[in-house]
A.B. asks: 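Before I ask anything, let me first share the structure, which is written out below as structure tokens.
In this text the structure is predicted, and so the values were computed from the model without any measurement.
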Amino acid sequence: MKSLNCWTRLTGLYSSPQVKFYWNIVSYFAFLFLFAVVLMMDFQATPSPGEILLYVWLFSLVCEEVRQLFYDPDGFGFHKKARVYIRELWNILDVLSIILFIIGLGFRLTTQLFYAGKIILCIDFVVFCLRLMAIFTISRTLGPKIIIVRRMMMDMFFFMFLLSIWVVAYGVAKQGILIHNDSRLEWIIRGAVYEPYLVIFGNVPTNVDYAAFDMDSCSMNATDPLKPKCPVLNENQTPAFPEWLTIIMLCVYLLFANILLLNLLIAIFNFTFQEVQDNTDRIWKFQRYELIKEYHSRPAAPPPFIILSHLYIFIRNVVLCRPSHKSRQFRTELPHIEEEELLSWEALMKDRYLLSTQQQQSETMERCIVDTAQKIATITDRLEREEEMSSVILMKRLARLEEQVVQSAKGLQWIMGSLKSKGLALKEEQPLTILSTVKDSSETSEKETDGFHVKARQFHYPNSKVTRFPVPEEKVPWEVSFSSYMPSYYSSEDKGDGVDGSESVLENYRNPGGRTGIRGRGSLNRLGPNLHVDLVITRVRDSGRSVLEFLAVADEQQKTLVLPGGPVESVDRLPAALMRTMGKNLYEKLHEKIAEGTLVFEGYVDDIRNTDNAWVETTVLNLHLDSSDDSEDIISMVTCSRGSLQWLEVSCKTRLCLDHSDSLRRIAMLHNRNS
């Protein structure tokens, strides 16, 4: 018991991680020196004292690796601790070096494999020297460089894969062309792999052309095991080199291997170096932390004396069955004031890091483009809102002005009536004219311009070779005499209801809009009014602001978007043509709700197909979809359509024909929206 306590006090003097680290450096260099002396100067059939000391030294290293594997202060468990242990490169090198040493020791203790054991131990010495690099990771200068070397080794692995393709391709082709049927495997590998690999480093081959070839450097029939086989001979018993072929192959190989691939490797190395160099300080701090943490939990004595610490741990835990001594946590308890200062400093560093990261992101070209796009979208949205607001204000001012004009006209009419009652009648009744004009303008604000049709007087009738009789604007009304009016007669053959087109029949049907320059039915279905229904289906979509949308149908002939509609027999039914466009289910759903529609407009329409005896009368119905279940079903059916139906915003920017644009304007006024 006293001896154990003395050992505890003795090791406590060297418990500092820094002292442990320096002692282990000295111990490791001494181990490598002893290993080198044994391999080069004192490797006998019977192990010498120095070699036995080397075995004891290695045994202490094995014990330390086993202790590190089972030491679990974080409570990970053995399986997780083993996975964490094996992921570290230096631990892999430790395990590899120990395994090679054990194999080499087993071979050298036998007479038959004595020299093979020495070879394995020499290779193991290389692994131990590579393990020496882990000591220098604590250096602020060399530590990041070791990380660079480790990453470059991974880059080298992928590079060697590409290089091996060119080496094998050139080597096999060259060997097959120059050497005929060589059965010696070692010389085949030399010619196909080793010699092409040396060419990369400037060793130009002498057996590809006549210039530097020497017959004494090869064996004619491969009888000399120390010389390669000679190339194929010709009739004069001289090498039959293919004319320039091997030289061209060598030039192409050097071009790709020495110039392309090596420069690619340099570029990869440069990228890896720059990536690590930019984070040198951070990498060094993490490595230093991991190394200090490792040596904090390590026994104080260096190898080979560390075996005494392992013996002490074994006796305490196994022989005396004492509970394992939990090491002090790897942290320092700070006073309250210092802890607050540390937290403040960490918060400041965090804010600086986040600020620098945001600044770097804001300076990139992609971020500038995104910011510019967002600003443009914001400005565009603001301009649209201001335009809508200004349009609404202008419409209100015009309405107030119109109301004031009407009131003024009524006042003038009252004054004129008072004057008439007193016997002061005027010769001209201008105020009445003004009042009538104002009333007419207010009543006809939703009608066509001036009440005269324009499309129905176009010179060429659509889809035919018939031309209209020219009708001046002042001759359009039937009340105006037009003695020279002699319109042509036209009725299409593919349409019609079978009504006779005699003069007596035509006299019964007169276009309410006036003369059109052509008689008959034209391309319409019947004489007289041809009923047409335009269905305006609307909904309100909330996307940050309330937006009124309408349903548009793609017109396959005109390649445009129009309102759903078509000819009907009665205004209480939907056009049959919509069934083909919308589908049967959606058509039936809309037909059920047609009675709920709001009449927006009904009357004569200036249509290009109108004639003196046949014209189009349109009924515009608005079917507004609310949040009811039927409306949701209709909206979902529209969404599932294959692009023939589209929701568009009710706006003045929507491009439709003039008649449909007027219908949208009426819809906007109906829903108190600006169009």
Side-chain angles (χ1 to χ4, degrees), residues 20-21 23-72 78-137 146 150 153 291 294-295 297-315 317-319:
K20 297 178 186 178
F21 176 73
W23 273 114
N24 276 273
I25 290 179
V26 175
S27 173
Y28 202 84
F29 273 105
F31 172 76
L32 290 179
F33 178 76
L34 179 61
F35 200 174
V37 169
V38 169
L39 289 177
M40 295 187 297
M41 301 175 59
D42 195 16
F43 199 81
Q44 306 297 331
T46 302
S48 62
E51 189 174 350
I52 295 176
L53 177 60
L54 181 66
Y55 299 156
V56 175
W57 208 318
L58 181 73
F59 180 73
S60 67
L61 295 178
V62 173
C63 293
E64 175 58 22
E65 292 300 321
V66 173
R67 187 200 66 80
Q68 291 183 15
L69 180 61
F70 285 92
Y71 180 69
D72 187 15
F78 178 75
H79 294 287
K80 186 174 181 180
K81 178 65 179 179
R83 288 197 299 267
V84 173
Y85 177 85
I86 205 65
R87 287 175 185 171
E88 182 65 31
L89 175 63
W90 308 120
N91 293 333
I92 295 176
L93 289 179
D94 288 335
V95 174
L96 179 62
S97 61
I98 292 172
I99 293 175
L100 288 177
F101 194 95
I102 294 174
I103 295 174
L105 177 61
F107 283 5
R108 67 97 58 228
L109 294 178
T110 60
T111 306
Q112 295 82 1
L113 300 175
F114 176 79
Y115 186 66
K118 183 179 181 181
I119 293 175
I120 294 177
L121 291 176
C122 291
I123 297 174
D124 188 36
F125 180 79
V126 176
V127 180
F128 273 109
C129 290
L130 294 177
R131 181 63 177 83
L132 186 63
M133 291 191 300
I135 298 175
F136 299 103
T137 55
I146 294 174
R150 188 170 67 179
M153 290 176 61
L291 196 63
E294 176 185 350
Y295 279 91
S297 61
R298 195 165 183 166
F305 305 106
I306 197 173
I307 195 172
L308 299 177
S309 298
H310 297 150
L311 182 62
Y312 164 73
I313 295 173
F314 179 79
I315 294 174
N317 296 339
V318 178
V319 178

A.B. asks: Under the salt bridge (charged side-chain N to carboxylate O under 4.0 Å, His left out) rule, collect the residues that match up with Glu51, sequence neighbours excluded.
C.D. replies: Arg108
A.B. asks: Apply side chain to side chain contact (heavy atoms under 4.5 Å, CB included) to Thr110 and list each qualifying residue two or more places apart in sequence or on a separate chain.
C.D. replies: Gln112, Leu113
A.B. asks: Does the pair Phe114 and Phe43 meet the rule for a ring pair (Phe, Tyr, Trp, His ring centres under 6.0 Å), with working shown?
C.D. replies: CA-CA 10 Å; Phe114 176 79; Phe43 199 81; 5.3 Å; yes
A.B. asks: Which atom names give the shortest non-hydrogen contact between Met41 and Gln44, and what distance separates them?
C.D. replies: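 Taking every non-hydrogen atom into account, O-NE2, 4.5 Å.
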A.B. asks: For the residue pair Leu32 and Phe125, what are the closest heavy atoms and their distance?
C.D. replies: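 Distance-wise, the nearest heavy atoms are O-CE1, 3.5 Å.
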A.B. asks: Would one find more than 12 heavy atoms of other residues, nucleotides or ligands at under 6.0 Å from atom OH of Tyr28?
C.D. replies: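 For Tyr28, atom OH is crowded (more than 12 foreign heavy atoms under 6.0 Å).
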A.B. asks: Is any side-chain heavy atom of Phe101 closer than 4.5 Å to a side-chain heavy atom of Leu61?
C.D. replies: no
A.B. asks: If you look at every heavy atom in Phe35 and Leu121, which pair is closest and at what distance?
C.D. replies: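 Between these two residues, the closest heavy atoms are CZ-O, 3.5 Å.
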A.B. asks: Grab the two heavy atoms, one from Pro47 and one from Leu109, that are nearest each other, plus how far apart they are.
C.D. replies: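 So the minimum-distance heavy-atom pair works out to CG-CD2, 4.3 Å.
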A.B. asks: To the nearest 0.5 Å, what is the distance between CZ (Phe59) and CD1 (Ile102)?
C.D. replies: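 It comes to 10.5 Å.
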A.B. asks: Could you pull out the closest heavy-atom pair between Ala30 and Trp57, with the gap in Å?
C.D. replies: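 Taking Ala30 first and Trp57 second, the nearest heavy atoms are CB-CH2, 3.6 Å.
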A.B. asks: Side chain to side chain contact (heavy atoms under 4.5 Å, CB included) with Val127: which residues, sequence neighbours excluded?
C.D. replies: Leu93, Leu96, Ser97, Leu100, Asp124
